[in-house]
Amino acid sequence: MKTYTIGRTSVSVFLGDITTWTGDIIVNAANSGLLGGKGVDGAIHSAGGPEIMEQCMEIRKEQGGCPPGNAVITGAGQLPAKHIIHTVGPIWEGGGRREEHTLAECYRNSLLLAMKVGARSIAFPNISTGIYEYPKGPACDVALKAVTNLLEEDLPDNRLERIEFICFTPENEELYVQWLEQFTQEKEAHI
Ligand code: APR
């Protein structure tokens with residue numbers, strides 16, 4: 001596990017199953033219809049129970065779903081977390097369809113929504129790197145840049161103490177640990 005602290009917020013990487021995570025908010029890699037699916041979306045809905053889908057359907061009725069890059073929040077049903085933020089990553093189409101911008105917006109909008117509800121801790125999966133086929137290395141860079149950039153804005157309503165990336169494969173875990181190692185070294189070199 002690797003941890004980097006920015007201000008009062010620590011950023012860490014773990015290998016594991018996000019449905020067992022016990023903090024305030026877990027982030028789901030959903031689809032724009034909020035219809036559930038496979039991957040982490042399927043795992044969250046099957047472990048969390050039908051209550052989560054009921055709330056997703058309410059959101060669909062109110063606003064028609066969740067456009068890529070945006071984020072919505074529901075309860076967490078039977079899961080140990082308190083809430084779920086559902087965000088929709090870009091489908092990788094070669095990099096020429098603003099996929100990088102959309103993926104960065106997923107992380108930024110999820111964090112802004114978490115701050116809005118006063119969350120102290122949040123866990124992210126590696127959004128878009130499964131069924132949506134975003135290359136894992138570039139996705140790691142986009143994710144950690146988006147998160148560290150937002151933390152460095154030092155927003156007044158940021159009460160987040162813990163941001164954790166829950167990797168489901170050792171490949172992603174290694175990418176995130178390496179990225180944080182390098183980021184830490186670069187920061188220390190400039191002190
Ligand atoms: N905990 C943590 N991470 C997980 C878990 C889990 N239980 N299950 C899968 N993952 C990881 C995958 O290994 C991948 O690294 O989540 C990451 C995102 O992969 P997907 O779940 O396939 O999500 P994504 O690539 O964003 O595709 C989203 O898939 O399930 C559908 O409805 C979903 O249409 C949407 C699409």
Side-chain angles (χ1 to χ4, degrees), residues 1-2 11-50 52-57 59-60 64-74 76-81 83-95 97-111 121-144 146-147 162-180:
M1 186 270 283
K2 174 75 191 156
V11 178
S12 306
V13 187
F14 292 91
L15 184 67
D17 175 354
I18 204 167
T19 64
T20 64
W21 194 77
T22 58
D24 286 355
I25 293 179
I26 61 169
V27 177
N28 180 25
N31 54 60
S32 51
L34 299 174
L35 296 168
K38 300 187 182 78
V40 70
D41 198 6
I44 285 173
H45 281 284
S46 59
I52 301 168
M53 184 51 76
E54 285 159 17
Q55 294 181 42
C56 286
M57 290 303 104
I59 296 168
R60 259 175 74 85
C66 180
N70 286 32
V72 294
I73 191 166
T74 68
Q78 310 302 313
L79 296 178
H83 290 95
I84 302 169
I85 286 179
H86 306 263
T87 191
V88 179
I91 297 171
W92 180 254
E93 297 181 88
R97 307 291 295 266
R98 288 170 57 79
E99 293 98 322
E100 181 175 334
H101 170 77
T102 303
L103 186 59
E105 285 296 285
C106 287
Y107 288 94
R108 183 176 176 82
N109 286 326
S110 296
L111 285 177
S121 57
I122 185 168
F124 284 99
N126 311 127
I127 299 164
S128 282
T129 65
I131 292 164
Y132 281 178
E133 298 186 333
Y134 203 115
K136 294 180 174 54
C140 166
D141 191 49
V142 169
L144 282 165
V147 168
R162 276 190 301 142
I163 298 175
E164 298 184 0
F165 289 91
I166 310 298
C167 301
F168 204 54
T169 61
E171 182 189 3
N172 265 322
E173 183 196 24
E174 184 55 26
L175 285 165
Y176 277 70
V177 167
Q178 292 299 333
W179 195 100
L180 276 176

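Just so it is clear, the structure is predicted and the values come from calculations on it, not from any experiment. Order of listing sets the numbers, starting from 1, for every ligand and every atom in it.
If you check which protein heavy atom lies closest to atom 2 (C) of ligand 1, you get I18 N, 3.6 Å. Closest to atom 21 (O) of ligand 1, if we only count protein heavy atoms, is V40 N, 2.8 Å. Nearest to atom 22 (O) of ligand 1 among the protein's heavy atoms is I131 N, 2.8 Å. The nearest heavy-atom contact from the protein to atom 15 (O) of ligand 1 is T129 OG1, 2.9 Å. Nearest protein neighbour of atom 13 (O) of ligand 1, counting heavy atoms only, is F168 CB, 3.6 Å. Looking at atom 23 (O) of ligand 1, its nearest protein heavy atom turns out to be A29 CB, 3.7 Å. Counting protein heavy atoms only, atom 18 (C) of ligand 1 is closest to N126 O, 3.3 Å. Regarding atom 7 (N) of ligand 1, its nearest protein heavy-atom neighbour is D17 OD1, 2.9 Å.
Geometrically, ligand 1 and E133 share no nitrogen or oxygen pair separated by less than 3.5 Å. For a threshold of 3.5 Å applied to N or O pairs, the pair formed by D41 and ligand 1 contains at least one separation below that value. Note: an N/O pair closer than 3.5 Å links K38 and ligand 1 by distance alone.
In terms of heavy atoms, S110 sits closest to C106 at OG-O, 2.6 Å. Taking all atoms of both residues into account, the shortest heavy-atom contact from I18 to I166 is N-CG2, 3.9 Å. In plain terms, the two heavy atoms of L15 and F168 that are nearest each other are CD1-C, 3.8 Å. Of all the heavy atoms in E99 and E93, the pair that sits closest is OE2-N, 2.8 Å. Closest heavy-atom contact between A71 and I85: CB-CG2, 3.8 Å. Nearest heavy-atom pair across A76 and A81 is CB-O, 3.2 Å.
The structure places CD of E54 at 11.0 Å from OG1 of T74, a figure rounded to the nearest 0.5 Å. Atom CD1 of residue I91 and atom OH of residue Y132 lie 4.5 Å apart, to the nearest 0.5 angstrom.
Residue A30 has at least one heavy-atom neighbour below 4.0 Å for each of these atoms of ligand 1: 35 (C). Applying the 4.0 Å criterion to heavy atoms of N172 picks out, from ligand 1, the atoms 15 (O). Short contacts between ligand 1 and A43, defined as distances under 4.0 Å to a heavy atom of the residue, involve ligand atoms 7 (N). Of all atoms in ligand 1, listed by their number and element, those nearer than 4.0 Å to a heavy atom of G39 are 8 (N), 9 (C), 21 (O), 30 (O).
Annotation: E133, atom CD; neighbour count of heavy atoms from other residues, nucleotides and ligands within 6.0 Å does not exceed 12.
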Worked check of side-chain contact (heavy atoms from CB on, under 4.5 Å) between V13 and W179: CA-CA 10 Å; V13 187; W179 195 100; over 6 Å; no
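At least one heavy atom of G36 sits less than 4.0 Å from an atom of ligand 1. In this structure, G42 has no heavy atom closer than 4.0 Å to ligand 1. The closest approach between a heavy atom of S128 and any atom of ligand 1 is below 4.0 Å.
With a 4.0 Å cut-off on non-hydrogen atoms, L35 does not touch ligand 1 at all. Contacts between C167 and ligand 1 below 4.0 angstrom, taking non-hydrogen atoms only, are absent altogether.
The aromatic rings of F165 and Y176 are tilted relative to each other, their planes meeting at an angle between 30° and 60°.
Within the structure, salt bridge (Lys or Arg N to Asp or Glu O under 4.0 Å) contacts touching residues 15-31 (residues at least two apart or in different chains) are D24-K82.
Looking at Y132, W92, Y134 and measuring to atom 35 (C) of ligand 1, the nearest heavy atom belongs to Y132. Nearest-residue assignment for atom 19 (O) of ligand 1 (options C106, A123, G130, P125; heavy-atom criterion): G130.
Residues passing the side chain to side chain donor-acceptor pair (under 3.5 Å) test with D41 are N28, H45, sequence neighbours excluded.
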